[in-house]
Amino acid sequence: MMMSDFAIETDGLTKVYGAGNTEVVAMREVSVGVRRGEIAALLGPSGAGKSTLLTAVGLINPPTSGRISIGGNLVMDGPRPQTNLTAFRLRHLGFVFQKSNLIPFLTALENVLVALELNNVGRRSGRKRAMELLDYLGVAERANNHPSMLSGGQQQRVAVARALANNPSVILADEPTAALDSHRGRQVMDLFRKVAHEQGAAVIVVTHDHRALDVFDTIYEMEDGVVRLSESR
Amino acid sequence: MNLAYKDIRHHFGRFTLTAIGIGLLLMIVMGMGGIYRGLVEEATLLVDAIGADFWVVQNGTRGPFAEVSRVPSNLVHRVAAVPGVSNAREFVFHTIQREHRGKPMRMAVLGLSWPVDKGAWLPLLTGRPLAEGHFEMIADKTLGLSLNESIRLGQETYTVVGITNGMVGSGGDGLAFFTLSDAQAIQFDLPGETVRLERSARQARLVGMDWGATQPNLVDRAASQSSEIPSLGPPQISAVIASIAPGTDLRSVTSILSGWEDVSVHSRQDQIDLLLQGMVDKARRQLGLFSALLTIISAIIMALILYTLTLDKIHDIALLKLIGAPNKVILGLILQQGLVLGSLGYGLAYLIGQKLFPLFPRRVVLTDDDLVRLAFIVLGISVLASLLGIWKALRVTPNEALSG
Ligand SMILES: Nc1ncnc2c1ncn2[C@@H]1O[C@H](COP(=O)(O)OP(=O)(O)OP(=O)(O)O)[C@@H](O)[C@H]1O
Ligand SMILES: [Mg+2]
């Protein structure tokens, strides 16, 4: 197999949940590639398997079979990890998930800071970077509030800030704008595009928001576990 | 950033309540250990306080505390005459239960060898040692008597001239110190009617005998006081206590005494062993066992508490793992909280105990050794209990952050 310049590459990914009567094939032979500096959208009806694909690529939901390479390194071969996934996630991946995913006992600022500190960023520079990110996402004034004191949209923006904290080479976002108004939603999408184009990150965004599709370089559609390339610019 | 601290601060109320719960639990464990120590200490307190080198008691008995012992009071002179004995004293000890201010009052009566022993060795809180040969007493404060109070025991009224602190018998009853003869009077207190009946019984026996008929004088004598009748012995004492001269071998002295067939000899250590292995043995074992059980149970309860604390954090832990927190961060979070809870609980137990234990009817003794040992046990429990939570946390997959 040739070394590719894909930042994310999957090869025949299949995920089967359950067994026997309750067996669900959420993902069938999915082979996709996203390049460095590319931002891709993943569309599809509910239950299509979008979250399954995203979590598999995010190395938190091992596929039943197939392979995942990130940055040219084979990291998953079937359900078997090929590297220390925790350390790998910390350094290379940034996540924003469908549901709120902030740590409830930390403030907004600390939620961003914790990702930086885990990556051994110093206290002062970490604090500075975290504040910059929160400021950029318009939640700086809520920096010292706990997640329970933030609106759904504000929580989502803090989660985006945390995903971007360590300048990851891969960003995976599952409906990051669902809880935002269209203006803020647009802003977040633009930010992802900027991170992709300026920092060379590979970004996959699951979205239902058809008004914002113009920010994407590539659009994939997923149905019944099967992924199809629908548009490429 | 210390995650354990952040979590505690955010759930402060709940964490405090948990710490209080653990504190109360540990206080009971601490108290139980203290009650055990107190029992042992109280059991041997008197023997230690009296400080005699050996005890001479009725032959074959384990007296005078573990069982009743009666020896003639002149035994004290025989013991004093043994080479190597520096001093010998009479010892009278018995327990009575009387009413005082409408409540039952148990009192361990101890006779002092007046006038040699005025009770100057007693730890007096207030008042003074005995100054008169009769009708004075020194009472322990646990008896609830006050200085200069008069109480009636038997035919006589006694005045409290001193109050001691912490002088209790092996059963936990407060001690009261009298002169020897007063202590005997209280023990052998007989109502006038009994004395009169006994006198007429004596006369009747005599009249029916040969010498009653031949020596009518004797019949008159039989009606007089017991102490004036040579054939009736003086009231008996419980034991003779003695000390040996410095430089004398205790065994050489006791070997002489063990040749006497009317008495048994116990060294001070024997006496302590008799009390611990005989009298308070069952209570001691019971408390010891209960204490051990309580420690085990509190370990289990703490483990369950820390485990449920971890269960409540499963989602957060999954999230931390998702972000990329290594296992040692998660492990640190749980272990630190376990240690904080354990130490807070221990501190609280100690503080509450300091206030509460002195109010207990019997002594609760917290020795430094026991406290240090319990501290290590709590430390061990905290670590072990955390392990259960850690075991669970390490099995959490980051995927669980997405569900729920
Ligand atoms: N843990 C699981 N166990 C069993 N089945 C699952 C599990 N997670 C997802 N599924 C099933 O897999 C299929 C794909 O689910 P997935 O969450 O990937 O869909 P989705 O495209 O993200 O949907 P949505 O747009 O509603 O978020 C669904 O049929 C779902 O019921
Ligand atoms: Mg989904």
Side-chain angles (χ1 to χ4, degrees), chain A residues 15 17 51-52 54-56 58-62 79 81 84-107 109-123 126-127 130 145-149 159 162-163 165-166 168 172 174-175, chain B residues 1-19 305-306 308-338 340-341 389-404:
Chain A
K15 176 75 185 187
Y17 288 115
S51 296
T52 304
L54 216 65
T55 51
L59 308 179
I60 55 178
N61 185 13
N84 178 344
L85 298 184
T86 306
F88 196 89
R89 275 198 302 272
L90 181 63
R91 257 176 279 129
H92 303 289
L93 304 184
F95 298 89
V96 185
F97 284 100
Q98 224 171 335
K99 292 190 187 123
S100 164
N101 42 44
L102 297 179
I103 295 162
F105 57 82
L106 299 180
T107 62
L109 179 67
E110 288 163 348
N111 260 288
V112 181
L113 204 52
V114 73
L116 289 160
E117 284 191 3
L118 285 172
N119 203 20
N120 295 321
V121 175
R123 217 186 158 73
R127 203 161 266 274
N145 286 103
H146 283 90
S148 58
M149 306 288 284
R162 188 181 61 200
N166 287 315
L172 304 168
D174 198 345
E175 298 186 37
Chain B
M1 168 180 350
N2 185 315
L3 293 172
Y5 165 71
K6 300 281 180 191
D7 184 31
I8 291 171
R9 202 189 52 180
H10 191 243
H11 297 113
F12 190 74
R14 190 182 149 179
F15 199 83
T16 310
L17 287 181
T18 310
I305 288 174
L306 289 177
T308 43
L309 275 186
T310 308
L311 285 188
D312 286 347
K313 276 201 286 289
I314 288 297
H315 188 258
D316 311 349
I317 288 170
L319 211 52
L320 281 165
K321 287 187 168 188
L322 184 82
I323 299 170
N327 279 339
K328 70 164 196 278
V329 170
I330 313 288
L331 195 140
L333 169 69
I334 296 171
L335 193 60
Q336 284 168 31
Q337 293 195 344
V340 168
L341 269 181
I390 289 169
W391 171 81
K392 176 71 185 172
L394 294 187
R395 262 155 196 74
V396 173
T397 61
N399 208 1
E400 287 171 53
L402 304 178
S403 54

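All values below were derived from every heavy atom in this structure, side-chain atoms included, with hydrogens, water molecules and symmetry-related copies excluded. Letters A, B, ... are given to chains in the order of the sequence lines, protein chains preceding strands, and every chain is numbered from 1.
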Which atoms of [X] approach chain B - backbone, side chain, both or neither, heavy atom under 4.5 Å:
| X | value |
| --- | --- |
| A/L113 | both |
| A/I103 | both |
| A/A87 | neither |
| A/R91 | neither |

Near [X] [atom1], under 6.0 Å, is it more than 12 heavy atoms from other residues, nucleotides or ligands?
| X | atom1 | result |
| --- | --- | --- |
| B/Y5 | OH | no |
| B/M1 | CE | yes |
| B/K6 | NZ | yes |

Between B/L3 and chain A, with a heavy-atom cut-off of 4.5 Å, which part of the residue counts as in contact: side chain, backbone, both or neither?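 Both parts, backbone and side chain.
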
Given A/V114 and B/L320, is the side-chain contact (heavy atoms from CB on, under 4.5 Å) satisfied, shown in steps? CA-CA 9 Å; A/V114 73; B/L320 281 165; 4.3 Å; yes

Quick check: do A/L118 and B/P326 have side-chain heavy atoms less than 4.5 Å from each other?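 They are in side-chain contact.
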
Rounded distance (nearest 0.5 Å) linking atom CD1 of B/I323 with atom CG of A/N166: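 Here the interatomic distance stands at 10.0 Å.
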
Grab the two heavy atoms, one from B/A325 and one from A/T86, that are nearest each other, plus how far apart they are.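 B/A325 and A/T86 have their closest heavy atoms at O-CG2, 3.3 Å.
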
I need the minimum non-hydrogen distance between A/F95 and B/L322, along with the two atoms involved.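 Scanning both residues completely, I find the closest heavy atoms to be CE1-O, 3.7 Å.
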
Report the residues that fulfil side-chain contact (heavy atoms from CB on, under 4.5 Å) with A/L85, sequence neighbours left out, ordered by chain and then residue number.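 Residues passing side-chain contact (heavy atoms from CB on, under 4.5 Å) with A/L85: A/L59, A/M76, A/P81, A/T83, A/R89.
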
N/O donor to acceptor pairs below 3.5 angstrom from side-chain atoms of residues 9-17 of chain B, sequence neighbours left out:
unit_1: B/H11; atom_1: ND1; unit_2: B/D7; atom_2: O; d: 3.4
unit_1: B/H11; atom_1: ND1; unit_2: B/D7; atom_2: OD1; d: 2.8
unit_1: B/R14; atom_1: NH1; unit_2: B/D312; atom_2: OD2; d: 3.0
unit_1: B/R14; atom_1: NH2; unit_2: B/D312; atom_2: OD2; d: 2.5
unit_1: B/T16; atom_1: OG1; unit_2: B/F12; atom_2: O; d: 2.6

